[in-house]
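Below you'll find the structure, written out as structure tokens, and then a few comments.
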Amino acid sequence: MTQLHLQNLCAGYGGANIVSDITLSVASGEIVTLVGPNGAGKSTLLKSLAGVARVTQGHLTVDDTDLIPLSPFERATRGVAFMPQDRNVFRTLTVAENLETSAWGYDDIPARKEEVIALLPTLRNYLNKTAGGLSGGQRQMAALGMTLMSRPTILLVDEPTAGLSPNLVGEMLDVLQTLTRRAGLGILIVEQNARAALARADRAVVLVDGRLRRAGPASELAAEPDFGALFFGDHA
Amino acid sequence: RTGLAQSAPILIGSMTPLTGGGGPYGPEKSDAHRAVVAAVNSQGGVMGREVRLISEDSETNPEAAVRAARKLIDADKVSAILGTWASSVSLGIMPLCQEANVLQVFSGSSDYLPDGDTKGLIFNLQPLNKAWAVALADLAVQRGFTEVAFAGPKNDFAASMGESFATSMQKLGGSIVGEPFYYNPGQASYRAEAEHLIRMNPPAIFVAGYVTDFVPVYRELIRGGYTGQIITLSFAVGPAFKDAVGGAADGILHGSPVPPIGKDSYETYLRLVGIEPTGQVQNSFGCMAYDEMNLCLLGMEAAKSTDSLAVADAIRRIANGPGERVTTFAEGKALIEAGTEMNYDGASSSVDFQENGMLRSRDFALYEIKDGEDEIILTTTSDATL
Amino acid sequence: MDAYLVAILTTAAVYVILAMALNIQFGLTGLMNFGVVGFYGVGAYTSGIVTETLGQPILIGMAAALAVGGIAGALVSLLSVRLSGDFLAIVTLGFAETMRLVFNNEDWLTRGPRGFLIMTRPVIDGLGREASAWFILGVFVLVAVLAFVLLNRLAGAPFGRVLRSIREDDLVPATLGKNVLAYRVQAFMLGSAVMALAGSLYAHYVQTITPDNFTTQIAVLVWMSLIVGGAGNMKGAVLGALVVTAIYEGTRFLAPLLDFLTPTQISALRFIIIGTLLIAVVRFRPEGLLPERTRRPRQAA
Amino acid sequence: MKPVRIEVDGLTKKLGGVTVVNNVSFQVETGQIMGLIGPNGAGKTTMFNLISGVLRPDGGKLRVNGSDVTGFPPYKLARRGIVRSFQLSRELDRMSVLENVLLAAADHPGEHMASALFRPGAVRKAEARLTERAYEMLDLVSLTPHEAKLAGTLSGGQKKLLELARALMAGADTILLDEIAAGVAPHLVEEIIVIVQKLNRDLGKTFLIIEHNVGFIRALTSRVVVMAAGELLAEGSFDHVSRNPAVIDSYLGQAA
Amino acid sequence: MQLLINAIASAAILAPAAIGFTLIFTLFRYTNFAVGAFMTTGAFAAWGMNALGLPIWTGGIFAVLFGAALLLLSDRLVFAPLRGRSGGTLLLVSIALSVILDNVIRFAFGTQIRAFDLPLVPPLTFAGLRFTPETLWVIGISVVATLAVGALLTFTRLGRALRAVADNPSLASIRGLPVPRIEAAGILLAGALFGLSGTLVGLDLAIEPNLSLALAIPVIAAAIVGGLGSPLGAALGAVIIGLAEELTVAFLSAPYKGAVGFVVIAIVLLVRPQGLLGRIVERK
Ligand SMILES: Nc1ncnc2c1ncn2[C@@H]1O[C@H](COP(=O)(O)OP(=O)(O)OP(=O)(O)O)[C@@H](O)[C@H]1O
Ligand SMILES: Nc1ncnc2c1ncn2[C@@H]1O[C@H](COP(=O)(O)OP(=O)(O)OP(=O)(O)O)[C@@H](O)[C@H]1O
Ligand SMILES: [Mg+2]
Ligand SMILES: [Mg+2]
């Protein structure tokens, strides 16, 4: 039972804080969805958990390990995996090499690769393509695949379904849900495709202007009418 | 200091090639300047004033040299700039020196050196290009080589030497093989150039390079299997060359103005800079620098002034004689005090100038390297006033 | 000392002009022209040939330098269609080296290694040594100021904005209807013409030019000026050229403190210090002394 | 039938040894809002690259208003009124958001060297006018508060919005939008729908839109082209093609 | 034929350095103009050992270790704090570093030309073709080094990781790669190659503090012609440049040899902008 815990966390780039005073936890086996308007600081929050943006105040732990002093790579080796929103594949490597490289330090790379391909079967169609030549959706798939290669315990994913064709959106979210059930993964997911994401989430949090505005069971939030207007685009 | 008068020191600029293409030769020149000045100061200076030497690096590059000369002339207010080596540098700073009436004493060989001087303010301790070509052609023919290929870097020293050498060979009934062959100096490898020469297959090749290009060219010629005679210039085959190629140096013929090996003034110079004479060609440019400084300081002492025109006149008198032979500043100073005429006889040559500040004539010699030693085999005189 | 400062400022003015020209090419457009010295040399020789060989007045020499520099720049810039970044740097470096070889080997035109003597000077007759030095400095500063005003105006105009967008990602301006190649050629031509003009001034100032006057070293100094000052910022280019000249010249005055070393060592140490200072400046001010600022146009009324 | 604005006639493109667009033909009529949909890797973005001149076709013809523009470079097509956005946003990192938008202005006198140098007055006036317009565009996509930031520091969704603002600023009469809504918050997506409809209705602008957001396509487009595996799969109104089993199978899935 | 052999001999000297250069370029996206200075330093390191009376091969090994250590040190002091800066800035910093290295050598050893303690001997002749023992050694060592490094980069985990780090260091770190260690491995490898090339320079050419630029240019040219990022391309590029130079001297004009490398680059890149064996990389 792993738990990612944030306590009064503030983070940003350079001097200024983009997100402030975030208290939140993600435990094994649950999906927490993070929604909010563009520029709210969602990506910044995930980056600060992965070690790419700077934490200025507060606490950040996985179980009892303090993550703040650790480099991104050390956080990764402690089971925290992060899929960034953009620039999330190595463009000069083939998809297969992208996957292989993402399991640095493990000696069962082929097995892991097979496991990931079994979860995301469309990857097989372009395994030997250079990632720089992938289409937008293919790239997202490859990026998620890479993230899963390290068999993480905590998964931070930033808009994984952006650019996926409609039939794959559900499939990808289902894969994530399966992983929480089967492998006890804890997932923090940022999505603009809020309806689909909330449908599979246990809890949801709303980030506006760098602060947490709402938090609660996903189904409850999804049922609120003003929430729907803002985050589902109910008129479209 | 040894009781020098409190009056203002005499400022002399020493601008030598410490970096760039002349790098191998600059240090010996600046050492010579320093040594003479130290000696003169310890004997009471010039006109009782201390001589202060200000050194700058010409970087063997006229752009850098002009900047350095600006500093020497305008910030330090030197009376003379000595020691420039590449002709492009000597020529490059000449307009500044002319404008500011600064004396230039240097060693360079471009035939165009006299052109930039309108005031009689330059003195050159090295024979010009033409003189070298005439002498070396003569030596080659005397040695039985009537067919010689010419190769040299395309720089201000060798640029026109090919033609001059060809003309001189013709006058002597010989000829050069093919066209004069120029290469671009400063390259890392000269394999292609050597290959080209080897394929011309001449009985002898005259390579008119400096040590930095001659070493690699020579190495490639030997390693390419060239078995003919190689003739070159003595300053290319100094100790650094012999160190670099070891025993393979044997058999090279090289020529230069008769270095005053064994001559008292030359040995005085060597000892002054802390070198034991070996009877070999050593510091061919350092001995010129020694003369540059002696002439300049003696000229000032004799003119009782640092005014460059007066000093230049004095230098012409001192260098060309007639008068009692002197070889050091101290001897000259004694004569000046006694009011006796003198004739300076230098470490690099007898130092007699034409009106334009170029050397009047010089004896040239041909040497052969045997067991790593230079052996003199022939001499000739090249009258540079022709 | 006055005269020395005048001389150094005169040289600095030449470097200021060169750095501003490079700023148009590299600072704004991102074109890595390492052949600065090629255009500079072309300008110097053109002006020399026009005034000495052809006997024309100095203004014609300068105009010819501008023109020939611009044409050479246009030709070289056509390479930038296919070459970007470091590749262009190497090819332009090659252009400069080729020009140096031309100066060195085409004796009929340039008098080869022996050097080209230039008697025409940018002064009015009858001035004494000191007065002409000041006069020349005045002429150079005037040209530099004029170049600054014009180039700075261009950099600040929408023209400069297009150039900077090409530097960032040339596909974006292209899909927005900007003829990227034409802009590259214009930027390159303009910069090269100004570099050639600087060469012309320099030639008439030093009066003897040889191929060795146009070695890569000078391109390096100009690049240092721009990077130290702040690429993209015209004022930075000016400041950088002054700072680099100050470092280069100032280090000369260390020599008397180092009397215990040989002259070779003093010279080597001077270059070590210059290199270290430059690295230190870049290390602590990576965007240069005056970084490029994104201009916020005045709020429309 | 309205005049044809863009005619894609048998376009073919190979990339990395694979034919990724294979003999595709369709037409976009003037004043139409048309959708281009299809599964990931179908070749939609590649089609945009062909239409905007970023890639040269290996076969086939491209016509704009009836004249052949095959192989034209991007700037020429842009000058014929075709502007596009990029799926993977390409902001100019070291320029401000406002400058990113201002750059898109067509026919800015200050972009010519001569007028920039010698007619500063006219340039300043044009700049003021266009700056005002640029702010309008930024307002449309809610980026005004961020106008002074370097574009490289925007958030993912903001970069997409900047792409849109830039495409609109160009004032072109045909606008190609490549997944402009992906990563954009739902309430802004709705606003985008309104903006596109308004531009189409009031100014008669033509749109060609790639989008995986089915609601977006349904709300906006009068006709869609469906691509799959580099080929044209179906064509017609969205409701029509969404009943096509091949389209459902390869693309829509349960979302249909 | 002899020309080809000569070209290969020249290329053999440059190839390891060109590979090292291309490695640094792909890892950090900048042109390290100090290659020439690193080679010169390597040559002096090997010469220094040789002058102390040690055999040349120990000098060579020392130069390789020395080169690796020196490049790592210079990276720590100079380049690491400037990661991610523009290519122009880094190129310039590398030139400043080159000036420093050259002058440190000049400060310590003076400006004289030097050579290894090796007898200068006429060539051996096979079938009308001339070889010297040194050229054979140089070619042999160079080919082995090129193939070994090429294999390392193409087939091993480290090679893949190096390419990943080169592509996107931030992502590499996120994906759990120990980026500083991988970078250090790349730097050490490149530095060792510089040291090796320096030793070969000493074996075959001359040792002089003035040669840095003359060495740097053909090395960079070879790497670019071959296609940055491709070790075999760098070796191939070196042969092509060498051959073009030989042909120029033989048939055109010797003084213009210095321009040939550039003309070859311009032509090759105009036809194939990514270099002979390079691959196109989209920027975003
Ligand atoms: N530069 C390239 N090199 C090689 N293959 C490429 C390149 N660009 C695209 N492809 C391939 O071409 C196909 C079509 O790609 P494209 O980007 O056009 O798809 P798309 O329809 O836009 O997909 P998506 O909806 O995922 O964005 C894909 O299989 C992709 O891998
Ligand atoms: N590298 C950076 N430097 C400075 N500011 C940044 C940087 N990256 C992002 N920001 C700013 O931080 C704010 C939050 O950005 P962030 O990417 O976290 O938003 P987000 O919630 O993920 O938005 P979106 O849904 O659009 O992806 C934005 O206003 C953005 O301008
Ligand atoms: Mg985001
Ligand atoms: Mg796409």
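Quick note on labels: first sequence line is chain A, next is B, and so on, each numbered from 1. As a basis for the values below, the full set of heavy atoms in this structure was taken, side chains included, without hydrogen atoms, waters or symmetry mates.
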Please report the C-alpha distance between D:Lys159 and A:Asp86 in whole Å, then the side-chain angles of each, then the deciding distance to 0.1 Å, and finally whether the salt bridge (charged side-chain N to carboxylate O under 4.0 Å, His left out) criterion is met. CA-CA 11 Å; D:Lys159 287 175 180 172; A:Asp86 50 14; 3.7 Å; yes
Of the backbone (N, CA, C, O) and the side chain (C-beta and beyond), which part of [X] lies under 4.5 Å from a heavy atom of chain D, both, or neither?
X        : result
A:Leu164 : both
A:Ser165 : both
A:Glu159 : side chain

Can you see which heavy atom on [X] is nearest to which on [Y], and at what distance?
X        : Y        : value
D:Ala182 : D:Glu211 : N-OE2, 4.0 Å
D:Val24  : D:Met227 : CG2-CE, 4.2 Å
A:Ala50  : A:Phe82  : CB-CD2, 3.4 Å

To the nearest 0.5 Å, atom OH of A:Tyr126 lies from atom CG of A:Leu123 at 5.0 Å
Should D:Arg84 and D:Phe86 count as side-chain neighbours, where that means a heavy-atom distance under 4.5 Å?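 Of all side-chain heavy-atom pairs linking D:Phe86 with D:Arg84, at least one is under 4.5 Å.
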Report which part of [X] has an atom under 4.5 Å of a heavy atom belonging to chain A: side chain, backbone, both, or neither.
X        : answer
D:Ile210 : neither
D:Ser250 : backbone
D:Asp249 : backbone

In terms of heavy-atom pairs under 4.5 Å with chain A, the winner among D:Ser142, D:Gly183, D:Gly156 is D:Gly183
